[in-house]
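What follows is a single structure, written as structure tokens, with notes after it.
A, B, ... follow the sequence lines: proteins, then strands. Residue 1 opens every chain. Keep in mind it's a predicted model, so treat the numbers as computed, not measured. Hydrogens, waters and symmetry mates are skipped; everything else that's a heavy atom, side chains included, is used.
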Number of protein chains: 2
Amino acid sequence: MDRFFAAHRERGLPVTTQRRAVFEAILGRSDHPTAEQLYDAVRRQLPQISRMTVHRILGAFVSLGLVARTPHPGSAARFDPKLDQHHHLVCLDCGRIIDVEDPRLNRLPWPDINPREFQIEDYHVHFRGRCAGCRQSSKAARVGQKPAARLALSSKSIKPGLKKAAP
Amino acid sequence: MDRFFAAHRERGLPVTTQRRAVFEAILGRSDHPTAEQLYDAVRRQLPQISRMTVHRILGAFVSLGLVARTPHPGSAARFDPKLDQHHHLVCLDCGRIIDVEDPRLNRLPWPDINPREFQIEDYHVHFRGRCAGCRQSSKAARVGQKPAARLALSSKSIKPGLKKAAP
DNA sequence: AACCAAATGGTAAAGATATGCAAGTAGCTT
DNA sequence: AAGCTACTTGCATATCTTTACCATTTGGTT
């Protein structure tokens, strides 16, 4: 929370009720919420806050270095109070993000590129896989997943009839 | 391109003109295009192709393991035809993605978690920083970027005219 | 050549984020 | 303590990306 006030004071930015509420909300949880989830959480204390304000505040926090927008394959960005370098497990099924702290991952070799071409600031390792819950359900669901398609394709000539779409 | 036919034949899925065009389009470029960019590219050959078809086809390619949907902080998903393990430089300003191949990064220690709780399949290192072009422009832009906030405001001296036009 | 499952196309909808402007507020200055 | 001013907020709207429905067409088999 000190970081929050310090970052604002350093740049002379006003500390508003909304900003404080959003920051408290994100500090209070470690599940990498989306902007929408934070909006819902903050609204319990500030019922009239606008969804756009939450988005704008989160964008400002990212610029201030207070939180990180974590890369995520899906569409909704996830936000993470950035405290120290850490990494993530991402479930390919449910999208859940789990923190990983492993000191061995914090001193990786940086790729050998010319700093004039690309200046690296930091990095972040993304482990992909499946969490316990999704492995259970996928085992069950795998039966009906791909209805066997139309197998039995004898490898006849595939004749790549490359034609333009017929009228 | 063999992978493309093989993957379809193996599952008995029909190889349509549209699928072939989308796959050729993504093979031809190494800049991790978005679905929209691929739609534009494909449309030069199949002017009547639907945007939705491109999205659906890309989703199918991901399921088939033909392309990867690369994690990206922004909203638009990026697609990548490279299948061997590689990593990415991501420019924080322009969002450009550059491939990194460094064998030292391909044998990282995996975090010590119970495989019953989370089963890791693979990983991927995300280096963040700024590309040459953006470093140039940001150096210039940094002047007007943060107008010094209001730290040095001594009431009547500074009047930064960058406000909206007066009503 | 005929058949069948799957793919395609078009519109509209849903979700997330950005923008422009009027009014409110935090924090400095007096 | 009161005033000033830039920053922030709220609201409505616009944009961008992705998805849903369903009639029609196409690819691959027999």
| message | Checking the side chain of A:Arg104 only, and the main-chain atoms of B:Trp110 only, is there a donor and an acceptor separated by less than 3.5 Å? | response |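 Present.
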Expressed in angstrom and rounded to an integer, what is the separation of [X] atom [atom1] from [N] atom [atom2]?
{"X": "A:Met52", "N": "C:dT19", "atom1": "CE", "atom2": "P", "result": "14 Å"}
{"X": "A:His8", "N": "D:dC7", "atom1": "NE2", "atom2": "P", "result": "13 Å"}
{"X": "A:Gln48", "N": "C:dA23", "atom1": "CD", "atom2": "C1'", "result": "14 Å"}
{"X": "A:Ile57", "N": "C:dT25", "atom1": "CD1", "atom2": "P", "result": "14 Å"}
{"X": "B:His55", "N": "C:dA7", "atom1": "NE2", "atom2": "C1'", "result": "17 Å"}
{"X": "B:Arg11", "N": "D:dG28", "atom1": "CZ", "atom2": "C1'", "result": "18 Å"}
{"X": "B:Leu46", "N": "D:dT26", "atom1": "CG", "atom2": "P", "result": "13 Å"}
{"X": "A:Arg20", "N": "C:dG27", "atom1": "CZ", "atom2": "C1'", "result": "13 Å"}

So, is [X] close to the [N] phosphate, meaning a side-chain N or O under 4.0 Å from OP1 or OP2?
{"X": "A:Thr16", "N": "D:dT9", "value": "yes"}
{"X": "B:Thr34", "N": "D:dT17", "value": "no"}
{"X": "B:Gln18", "N": "C:dG9", "value": "yes"}

| task | Check every atom of D:dT8, C:dG27, C:dT17 against the side chain of A:Val15 and return the nucleotide holding the closest atom. | result |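 Of all the options, the side chain of A:Val15 is nearest to C:dG27.
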| field | B:Arg56, nearest nucleotide to its side chain (from D:dC21, C:dA26, D:dT9) | value |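 The listed nucleotide nearest to B:Arg56's side chain is D:dC21.
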| said: Need one value for A:Arg19: base, sugar-phosphate or nothing, where a base atom within 4.0 Å counts as base even if backbone is also close, heavy atoms only. | reply: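 Touches sugar-phosphate only.
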| So which of A:Arg69, A:Gln37, A:His32 actually passes side-chain contact (heavy atoms from CB on, under 4.5 Å) with A:Phe79? |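 Exactly one option meets the side-chain contact (heavy atoms from CB on, under 4.5 Å) with A:Phe79, and it is A:Arg69.
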| task | Using the side-chain contact (heavy atoms from CB on, under 4.5 Å) rule, pick out the option among A:Val22, A:Ile26, A:Thr53 that qualifies with A:Val42. | result |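 Among A:Val22, A:Ile26, A:Thr53, the one that satisfies the side-chain contact (heavy atoms from CB on, under 4.5 Å) with A:Val42 is A:Val22.
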| message | For B:His8 and B:Phe61, take the angle between the two ring planes, folded into 0 to 90°, and tell me which bin it lands in: parallel under 30, tilted 30 to 60, perpendicular over 60. | response |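 Answer is perpendicular, since the angle exceeds 60°.
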| task | Flag this pair as yes if the NZ/CZ of A:Arg19 is under 6.0 angstrom from the six-membered ring centre of A:Phe23 and inside a 45 degree cone about the axis; otherwise no. | result |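 Output no; distance or angle outside limits.
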| Under-3.5 Å donor-acceptor pair between B:Arg9 side chain and D:dG28 base |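 Per atom types, no contact qualifies.
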| field | 5' priority, DNA chain D, between B:Glu36 and A:Thr53 [closest heavy atom] | value |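 It is A:Thr53, whose closest nucleotide lies nearer the 5' terminus.
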| message | Using heavy-atom distances to pick each residue's nearest nucleotide on DNA chain C, tell me which of A:Ala35 and B:Ile49 is more 5'. | response |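 Counting from the 5' end, the first nearest nucleotide belongs to B:Ile49.
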